[in-house]
Amino acid sequence: MELNTKYNPSEVEDKWYAYWLEHKFFHSEPDGREPYTIVIPPPNVTGILHMGHVLNNTLNDVLIRKARMDGKNACWVPGTDHASIATESKVVAKLKEMGIPKDSLTREEFLRYAWEWKEEHGGIILKQLRKLGASCDWDRTRFTMEPELSEAVINTFVYFYKKGWIYKGVRMVNWDPEALTAVSDDEVIHKDTQSHFYHLKYYISDGAGHPTDQYLVIATTRPETIMADAAICVNPADGRHHWLRGKKVLIPLINREIPVIEDDYVEMDFGTGCLKVTPAHDVHDYEIGLRHSLPVLEIIDDHGRLNEKAQILVGEDRFVARKKIVKMLEEAGNLEKVEAYTSPVGYSERTNAVIEPKLSAQWFLKMDELAKRALETVESGRTRLIPDKYMNTYRHWMENARDWCISRQLWWGQRIPAWYLPDGQVVVEPTAEAALKAAQAICPDVKAEDIKQDEDVLDTWFSSWLWPISVFDPQKPGHPDRQPNADLAYYYPTNDIVTGPDIIFFWVARMIMSGEEFMGKEPFSNVYFTGIVRDKIGRKMSKTLGNSPDPLDLIAQYGADAVRIGMLLCSSAGNDIFYDESQVEQGRNFCAKIWNSFRLVKGWKVDPAATAPEASAIAVRWFADKLNQAVETVEDHYSKFRISDALMTIYRLFWDEYCSWYLELVKPAFGQAVDPVTYEATLGFFEALIKLIHPVMPFITEELWQQLAVRAEGETIMFAPSPKAGAYDPALLQAFELAQQAVVGIRGIRNQKGLAPKEALEVLVDASFPTAVLPVVEKLALVSVQEGDAEGKTGASFVVGTSKVFVCLKVNVEEEITRLKKDLAYQQQFLAGVRKKLSNGNFVAHAPAKVIEMERKKEADALLRIESYEAALKALEK
RNA sequence: GGAAGAUUAGCUCAGUCGGUUUAGAGCACCUGCCUUACAAGCAGGGGGUCACUGGUUCGAAUCCAGUAUCUUCCACCA
């Protein structure tokens, strides 16, 4: 783009992205180089880009671009996730809008709609990532439900089933009696709801099914479920109820006898201390039932009505039944009292129906072995969690891992490869044909139409946990003994993965499990956890709140580089991100600064015959060192995943050191030309700087790199080697720092005295000031500097390091005296503090020599300052 | 209710083994400047009892205990 204009990001972004794509710079194939691999956390296939994605993918892109410039074979595999629950509910909603209820469709018809929807809306998010500059290897784009990956999922299921780790069990699900489907925990909304606490009398049985006159009282919110009671439970430590031991009680109205049992689960001071146990209709009761081998009696049907097992009120809706049974209990004399009570009740997010806990058959994967190995992977350090505070969470999860319920009552997903024979026996095989064969081995007469495939699909995580393997070699999952293909062998294990801590268990831990199982190796070396993106006042970014800006709008307004900077500036690992548009503005300002500095440098005329002024020569030597030092710091930050620190180091190097000091020093006077040596050095520094920034700001750096010199078609900054840290001279850096301090001091005096910027001053420095950097002070403070003695002159003085700087100028003596006195008092106080410390015997005895030396230096410096102030005061008072 | 983490300037955060610190950045703010790369800028400046209370130590933002507030994850109580 044109140099004499303001920087316009939209003018360059599309151009360079297209250029990068055209030359396949993002594409990677196995070769002799060291690979650096990241797999993308696959976003929902029908999702759209939000700020969380921006953060995550910016970090991914920074890491991958950095690795690419470090000479590694960088491969970032993109893709999307079929997200069964989210996608299916979107499709259901869409169909509903069209007036088509899901239950009017067959599975095949529904799936046809779903695939249509996916083709139409799928992958938008991947296109949006390009706007951000994401350098993914698009040729490797994967989708968790594409045929090959689905096959991997099925093979995995079959593998674990044959290994004996997958079993069918019973579990409480959240049943929506209106939608007639199970819903996930996430789709249940708990709302505090006004209800009643019914205190019911259960009479003790005489042993022959007849009530005695003794009774106990239980409190319940669901009297309509008493017919399903399997026991009454009390806490074994509760002395009030010891008399009940071994007794049986009768369920009111139906007079069924049930035992009294004891379990720690019961809270002694909640309700009456007696709990009715209804295993079929309460999650906890179910678990108590398991512990005590209680029978399970289901009395509520799929529509939420009482069934014939309830014996009474058969066919009534559960809420109607509740009202009626209360009346019946009252009439029968079993109702002691009713209390108003507010309790959290689960409602279906979709239908707002009250959720009914329902037992259902589900498929489970045993976790104990897998979790043990996954814990070992992290504890041994083969996979590192960053920040490591998540280690505790991880360990807790792995040590308490419950078996993984992998079936879902949905259609969108990989259907469970289990087939049922007419007699109920199950065969598990990868294909229908293989299943038929297996079935015929059991029962030779079975025909294809006699075996029925399981209706459920697999949990989405059951496909995404294979991601780091299946994106490279879909044949591998389910076959630990198979040789990995060339891609998998080369790219696995991947290096880093960037994701949110909320899915540490759902995804990260499980990828480690599958990696260990199928590859015998961890899937990645580092897990970098980002925070959650929040708005200024700390709320989660969400569509419903409307507080999430559209990243594409932001990119259009500020540029992708600015948005990337804005996200990174406030993102230390694992901490939540408080997003504020001013950070993106800061990013845009940085782009402008870089652009403008380039305009300056490119605008210079070069005089081939000129020699470098002393100030420029010093500046070049100094900045080369400064750059080396900064590169070293940046590398250190990257190695510790301190990305925002790395960015801030570069930001300050460019803005504060390169622009504010270096360029000001070497800048030729108006109308003058620059000498060739300085010019070349300046361009060299500029190139090093933009290479350093490129991983963070890919677009502007490519534009400038291309303009900086004549580049051949097919060249790119993306493969320009990262600047390497060289040696630097700490003495030079320190001397320059003194010069900077002197300049700042002189400017301060000018400011204070209201002197014009160009009014020449005479400055005297004492012998301990490094004379080598005097030209710097001369050039930047517009003064003539010389070593000298301030004796007999009027002016202001200050101390830089250990040397005195005296500025000769006309001053208001009174004012100067007041100021000096104030400074003097402060220094004396400081000195007293230091001396107190140094006279402390314990300090001298215990502190490291280094620290004591430092204190002595402080003392000496303070003394020097005091001396200098006193001298100046004396001179002024004369 | 259980667990983990956090609390440093108006805001967002660094502070790496307890000692290069009289606690640092960036943004915001205030003052002065449309100075020939840049007002999306330049030169300056103010602003902190490191949540609170104790303890350990020669020395604490840093380690320990307690208190308060917040966040997240898990369980949500018949």
Side-chain angles (χ1 to χ4, degrees), chain A residues 3-4 6-7 190 197 218-222 225 233 265-267 270-278 282-285 288 341 343-344 346 387 389-393 396-397 400 501-502 504-505 531-532 534 536 538 558 562 569-572 574-580 582-583 585-604 636 640 642 644-645 647-649 651-652 655 659-660 663-664 667 669-671 744 747-748 750-752 754 756-758 826 829-830 833-834 837 840-848 850-855 857-858 862:
Chain A
L3 257 188
N4 54 356
K6 278 198 171 184
Y7 178 62
H190 289 273
F197 222 6
I218 60 102
T220 181
T221 52
R222 301 202 59 190
T225 62
C233 189
Y265 169 75
V266 180
E267 296 281 330
F270 189 83
T272 62
C274 295
L275 167 72
K276 75 185 199 66
V277 183
T278 321
D282 183 277
V283 182
H284 297 285
D285 290 12
I288 296 173
Y341 183 65
S343 63
K389 68 178 178 184
Y390 288 106
M391 193 55 221
N392 284 332
T393 320
H396 180 258
W397 267 113
N400 298 285
D502 46 336
I504 181 169
F505 181 66
I532 298 162
R534 298 172 177 282
K536 240 175 154 174
Y558 295 101
L569 274 176
C570 54
S571 63
S572 46
N575 287 337
D576 283 358
I577 312 305
F578 289 83
Y579 168 79
D580 184 346
S582 74
Q583 289 151 348
E585 269 176 52
Q586 197 184 337
R588 177 201 54 185
N589 295 354
F590 189 39
C591 288
K593 187 73 184 177
I594 296 174
W595 178 250
N596 286 322
S597 63
F598 181 73
R599 287 175 56 202
L600 172 72
V601 175
K602 261 296 186 180
W604 285 344
D636 183 54
K640 293 170 181 155
R642 303 167 76 106
S644 62
D645 287 342
L647 167 59
M648 193 44 75
T649 304
Y651 180 92
R652 293 176 62 190
W655 202 308
C659 292
S660 297
L663 287 182
E664 291 303 328
K667 186 156 88 173
F670 183 66
V744 168
R747 280 179 188 162
R750 278 186 192 287
N751 248 21
Q752 238 174 37
K758 284 172 187 166
Y826 183 82
Q829 201 189 334
F830 177 61
V834 174
K837 202 166 183 182
N840 182 332
N842 281 324
F843 172 73
V844 178
H846 295 97
K850 193 177 73 176
V851 175
I852 293 173
E853 193 187 319
M854 191 184 77
E855 289 297 323
K857 189 163 177 291
K858 274 188 200 168

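Each chain gets a letter, A, B and so on, in the order the sequences are listed, and its residues count up from 1. We use all heavy atoms of the structure for the numbers below, so side chains are in, but hydrogens, waters and symmetry mates are not.
At the heavy-atom level, A:Lys6 lies under 4.0 Å from base atoms of the strands shown. A:Lys858 comes within 4.0 angstrom of sugar-phosphate atoms only, judged by non-hydrogen atoms across all strands, and of no base. Across all strands, A:Thr220 comes closer than 4.0 Å only to sugar-phosphate atoms, never to a base (heavy-atom distances). Within 4.0 Å (heavy atoms only), A:Cys659 reaches at least one base atom of the nucleic acid.
Between the side chain of A:Asp282 and the main chain of A:Thr278, no donor-acceptor pair closer than 3.5 Å is present.
For A:Arg642, the side-chain atoms get nearest to B:A14 when compared with the rest of B:A37, B:A78, B:A14. Of the candidate nucleotides B:A40, B:A37, B:G19, B:A37 has the atom nearest to the side chain of A:Lys593. Side chain of A:Glu664, nearest nucleotide from B:A4, B:G26, B:C38: B:C38. The side chain of A:Gln586 lies closest to B:C27 when the candidates are B:C76, B:C27, B:A37. Side-chain proximity of A:Arg652 to the nucleotides B:U20, B:G26, B:C58 is greatest for B:G26. Minimum atom distance to the side chain of A:Asn596 is reached by B:C38, of the listed B:G19, B:C38, B:A4. Among B:A43, B:C58, B:A37, the nucleotide with an atom closest to any side-chain atom of A:Asn840 is B:C58. Here B:A40 is the nucleotide among B:A40, B:U20, B:A78 with the atom lying nearest to any side-chain atom of A:Arg588. For A:Asp645, taking side-chain heavy atoms from C-beta onward, the closest of the listed nucleotides B:C27, B:A78, B:A14 is B:A14. In this structure, the nucleotide among B:A40, B:G19, B:G26 sitting nearest to the side chain of A:Phe843 is B:G19.
You'll find the side chain of A:Phe843 reaches within 4.5 Å of the side chain of A:Ile852, heavy atoms only. Looking only at side-chain heavy atoms (C-beta outward), A:Tyr7 and A:Arg588 stay at 4.5 Å or farther from each other. Using a 4.5 Å heavy-atom cutoff, the side chains of A:Ile594 and A:Trp655 are not in contact. The side-chain heavy atoms of A:Leu275 and A:Asp285, taken from C-beta on, include a pair separated by under 4.5 Å.
Between B:U69 and B:G24, the two C1' atoms lie 26 Å apart (nearest whole Å). Remark: the separation of the P atoms in B:U16 and B:C70 is 28 Å, to the nearest Å. Rounded to whole Å, the P atom of B:U21 lies 44 Å from the corresponding atom of B:G2. Using P as the reference atom, B:G19 and B:G59 are 15 Å apart when rounded to the nearest Å. As rounded to the nearest Å, B:A78 and B:A3 have C1' atoms that lie 24 Å from one another. Rounded to whole Å, the separation between the C1' atoms of B:G10 and B:A4 comes to 30 Å. Annotation: B:G47 and B:A23 have their C1' atoms spaced 14 Å apart (nearest Å).
Using a 4.0 Å cut-off, no side-chain N or O of A:Trp655 falls inside it from OP1 or OP2 of B:A37. Here A:Asn400 does not reach the OP1 or OP2 of B:C74: none of its side-chain N or O atoms lies under 4.0 Å away. An OP1 or OP2 oxygen of B:C27 is reached within less than 4.0 angstrom by a side-chain nitrogen or oxygen of A:Tyr651. A:Lys857 has no side-chain polar atom (N or O) that falls below the 4.0 Å cut-off from OP1 or OP2 of B:U20. The side chain of A:His396 contributes no N or O atom lying less than 4.0 Å from OP1 or OP2 of B:G2.
Classification of A:Lys858 and A:Glu855 as a salt-bridged pair holds, one side-chain N sitting under 4.0 Å from a carboxylate O.
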Item to check | Structure string for RNA chain B in dot-bracket form, Watson-Crick and G-U at under 3.5 Å, | interchain | outcome: (((((((..((((.....[....)))).(((((.......))))).....(((((..]....))))))))))))....
Checklist entry - Stepwise, does the salt bridge (charged side-chain N to carboxylate O under 4.0 Å, His left out) test hold for A:Glu853 with A:Lys850? => result CA-CA 5 Å; A:Glu853 193 187 319; A:Lys850 193 177 73 176; over 6 Å; no
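For the ring-ring contact (aromatic ring centres under 6.0 Å, His included) test, residues two or more places apart in sequence or in another chain that qualify with A:Phe598 are A:Phe686.
Not a single donor-acceptor pair, N or O on each side, falls under 3.5 Å between the base of B:A28 and the side chain of A:Gln583.
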